[in-house]
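Some notes on the structure that comes next.
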Amino acid sequence: MLDIRLFREQPDLVRTALANRQMDPSVVDEVIALDERRRTLVRRVEDLKAKRNAASKEIGRTKDAEERAKKIAAMRAVSDEIKQLDAELRELEARLRSVLATIPNIPDPRVPIGKDENDNVVVKQVGEPQEFPFKPLPHWEIGTKLGIIDFERGVKLSGTRFYILKGMGARLERALIAWMLDLHRSQGYTEIYPPFMVKEAAVFASGQLPKFRDNLYHDAEEDFWWVPTAEVPLTAMHMDEILEGETLPRYYTAYTPCFRREKMSAGRDVRGIKRGHQFDKVEMYIYSRPEESDAALEKMLADAEATLAGLGLTYRVVQLCTGDLGFAARITYDLEVWAPGLGEWLEVSSVSNVGDFQARRANIRYRPEGGGKPRFLHTLNGSGLGLPRTMIAVLENYQQADGSVVIPEALRPYLGGAEVIKPQ
RNA sequence: GGAGGGAUGGCCGAGUGGACGAAGGCAACGGUCUUGAAAACCGUAGUGGGCGCAAGCCCACCGGGGGUUCGAAUCCCUCUCCCUCCGCCA
């Protein structure tokens, strides 16, 4: 949610931001008009209320019955008008809120301007795509041959985009999760185990609603929404709170499954485990003072990179351009890992500073050290990492000519010391 | 799922239609006293919004939303959450 004052004081800033995001800037005028009408109404209704409050106090003091009746009669009309204006105001504010809720964050000035993902900028690359003495297989072939991924039974259970991990496949998934959580813990993050279903207000707070309603699963009878990312509970857990300044920055990490309908990607990436309706992810999240959020972004990016480096994988850092930036983000770096079997770079992490955008929606503030007015804080989120694509990278990069897969050293302690996955 | 009881400021807690933004206590902050501290005493204190250069004035907020009334913390409806008992259950 953007500060309404931006629309009053710097409307062109918002218009430019929307244009850079390839969106129609005309909503800005709608917001300004609604805001002006709102303020006019507020003034009128508050004047009337002040009048009514004064008169009511007087009525309370008036002893004479006839005098009293007269005053009450006079106030009845005022009260009716207030009622009517209040209703009008309520409706107006609801409309203003709902329009505001659909407007994305303003990109950081450092974000390159561009149309779509083709204009993203590769910031750096670590490692080189590995040369194989044989033709590297895609992970679905490796996984099926090893007997650790069972697509047919996943589909039998739940339909397309589902699969079963079995034996060393399931254990590898669990090892990756545990290793990542331990890594982030050592980087200073506090581990959180949140609910996987949350209220609508929680999904709104992080900005997934109302815009991405079609991509979310929710219970038909009750107010339960399946989390599409741990970012949702990690944002909403501090909803409506004022945090003490000295407790910032706060670093959190959480593992959750993520549930997405993928309506917008219908027909894309249906092969393998690249894009499922349910996938695991380990997330990092930071609550920071505004002046420290730039530094927090650097730290989070480095922490995410450490996972890929720790697994010995080749990756690159890509800065998203304005046209490809997520709804809530101000600035985002994607981490892409090389998958030799697929022959492509896979997005495994997205690290963003959203500024005070989510904090405004979720009403999360902090009280500066030494007192003073509560201020909105900044939040940052980053995957560290998405599990299926990390799994793809591990399987495809560590595959051997004989069909086995060598287990990255970092994960071996989590797998009883096993060094290689052989057909089972 | 059934029956009952609750939700008031940072915390505890009073308040069942009229000077209540809310008694009292604790905690906090400032001050007086003191060599210093404690105690005691005095004082200040919430959030959001509107108007204003500002001082300040006004409006709203007693779990959320709606209603009754000239006037609601107080009455009515509704939702959420918490507690107790019963039932069911991994």
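In the text below, chain A, chain B and the rest are named by the order of the sequence lines, each starting its count at 1.
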Is there a side-chain contact between A:S79 and the phosphate of B:G71, meaning an N or O under 4.0 Å from OP1 or OP2? yes
Taking NZ from A:K71 and C1' from B:C70, how many angstroms apart are they, rounded to a whole number? 11 Å
Without decimals, in angstroms, what is the distance between A:E93 CD and B:C59 C1'? 12 Å
If I pick the C1' atom on B:G43 and the same atom on B:G48, what distance separates them, to the nearest angstrom? 27 Å
Counting only heavy atoms not in A:R37, do more than 12 sit closer than 6.0 Å to its CZ atom? no
Select base, sugar-phosphate, or nothing to describe what A:R5 touches, counting heavy atoms under 4.0 Å on all strands. nothing
Answer yes or no on whether A:R174 is positioned over the face of A:Y414, meaning its NZ or CZ is under 6.0 Å from the six-membered ring centre and within 45° of the axis. no
Using 30° and 60° as the class boundaries, would you call the ring planes of A:Y251 and A:Y189 parallel, tilted or perpendicular? perpendicular
Between P on B:C11 and CD on A:E244, what's the gap in Å once rounded to a whole number? 12 Å
Passing option when A:Q399 is tested against A:V406, A:I142, A:V394 for side-chain contact (heavy atoms from CB on, under 4.5 Å): A:I142
Using the C1' atoms only, state how far B:G2 lies from B:G67, rounded to an integer number of Å. 29 Å
Without decimals, in angstroms, what is the distance between A:L41 CG and B:A60 P? 16 Å
Determine yes or no for a side-chain-to-main-chain donor-acceptor pair under 3.5 angstrom, with A:R161 supplying the side chain and A:R275 the backbone. yes
Quick one: are A:L411 and A:L172 in side-chain contact, heavy atoms under 4.5 Å? yes
For the side chain of A:P374, starting at C-beta, report the closest nucleotide among B:U68, B:G48, B:G18. B:G48
When you match A:A73 and A:R61 each to their closest nucleotide on RNA chain B, which lands nearer the 5' end? A:R61
In whole Å, what is the span from the CG atom of A:D86 to the P atom of B:G50? 16 Å
Distance criterion of 3.5 Å, no angle test: do you see the side chain of A:R68 paired donor-to-acceptor with the base of B:G18? yes
Between A:M391 and A:L165, is any pair of side-chain heavy atoms under 4.5 Å apart? yes
When you measure from the side-chain N and O atoms of A:R367 to the phosphate of B:G46, is any distance below 4.0 Å, counting only OP1 and OP2? no
Scanning both residues in full, the closest heavy-atom pair of A:R68 with A:G60 reads NH1-O, 4.2 Å
How does RNA chain B look in dot-bracket form if you count Watson-Crick and G-U pairs under 3.5 Å, write [ ] for pairs that cross, and put | where a base pairs with another strand? ((((((((.[[[..)..(.....]]].(((((.......))))).((((((....)))))).[[[[[..)....]]]]])))))))....
With P as the reference atom in both, quote the distance from B:G36 to B:U47 in angstrom, rounded to an integer. 34 Å
Look at the side-chain N and O atoms of A:N53 and state whether any lies under 4.0 Å from the OP1 or OP2 oxygen of B:C58. no
Can you tell me the distance, in whole Å, between the NZ atom of A:K57 and the C1' atom of B:C58? 12 Å
Distance check, P atoms only: B:C26 and B:C79, in whole angstrom units. 41 Å
Think A:K373 has a side-chain N or O under 4.0 angstrom from the OP1 or OP2 of B:G48? yes
Return whichever of A:I59 or A:R39 has its heavy-atom-nearest nucleotide of RNA chain B closer to the 5' end. A:R39
Note: A:M239 and A:A205 closest approach over all heavy atoms is SD-CB, 4.1 Å
Which part of the nucleic acid, if any, lies within reach of A:D223 when heavy atoms closer than 4.0 Å are counted: base, sugar-phosphate only, or nothing? nothing
Roughly how many Å is it from CZ in A:F224 to P in B:C81, rounded to a whole number? 8 Å
So, for A:A418 and A:I407, which heavy atoms are closest and what is the spacing to 0.1 Å? O-CD1, 3.6 Å
Which value, in whole Å, describes the distance between the C1' atoms of nucleotides B:C88 and B:C81? 22 Å
Taking B:A60 as the reference, what is the distance to B:G1 when you measure between their P atoms (whole Å, please)? 39 Å
Looking for any heavy atom pair under 4.0 Å, which part of the strands does A:R44 touch: base, sugar-phosphate only, or nothing? nothing
Proximal nucleotide (of B:A60, B:U47, B:G50) relative to the A:R52 side chain: B:A60
Checking all strands, does A:A55 fall into the base, sugar-phosphate, or nothing category for heavy-atom contacts under 4.0 angstrom? nothing
Atom pair distance, as rounded to whole Å: CG in A:D80 and C1' in B:U68: 13 Å
From B:C59, B:G67, B:G48, pick the nucleotide closest to the side chain of A:A50? B:C59
Inter-nucleotide P distance (B:G25, B:U69), Å rounded: 40 Å
Please determine whether a side-chain nitrogen or oxygen atom of A:R76 lies at a distance below 4.0 Å from atom OP1 or OP2 of B:C70. yes
Just to confirm, is there a sub-4.0 Å distance from OP1 or OP2 of B:U68 to any side-chain nitrogen or oxygen of A:K83? yes
Taking B:A72 as the reference, what is the distance to B:G24 when you measure between their C1' atoms (whole Å, please)? 23 Å
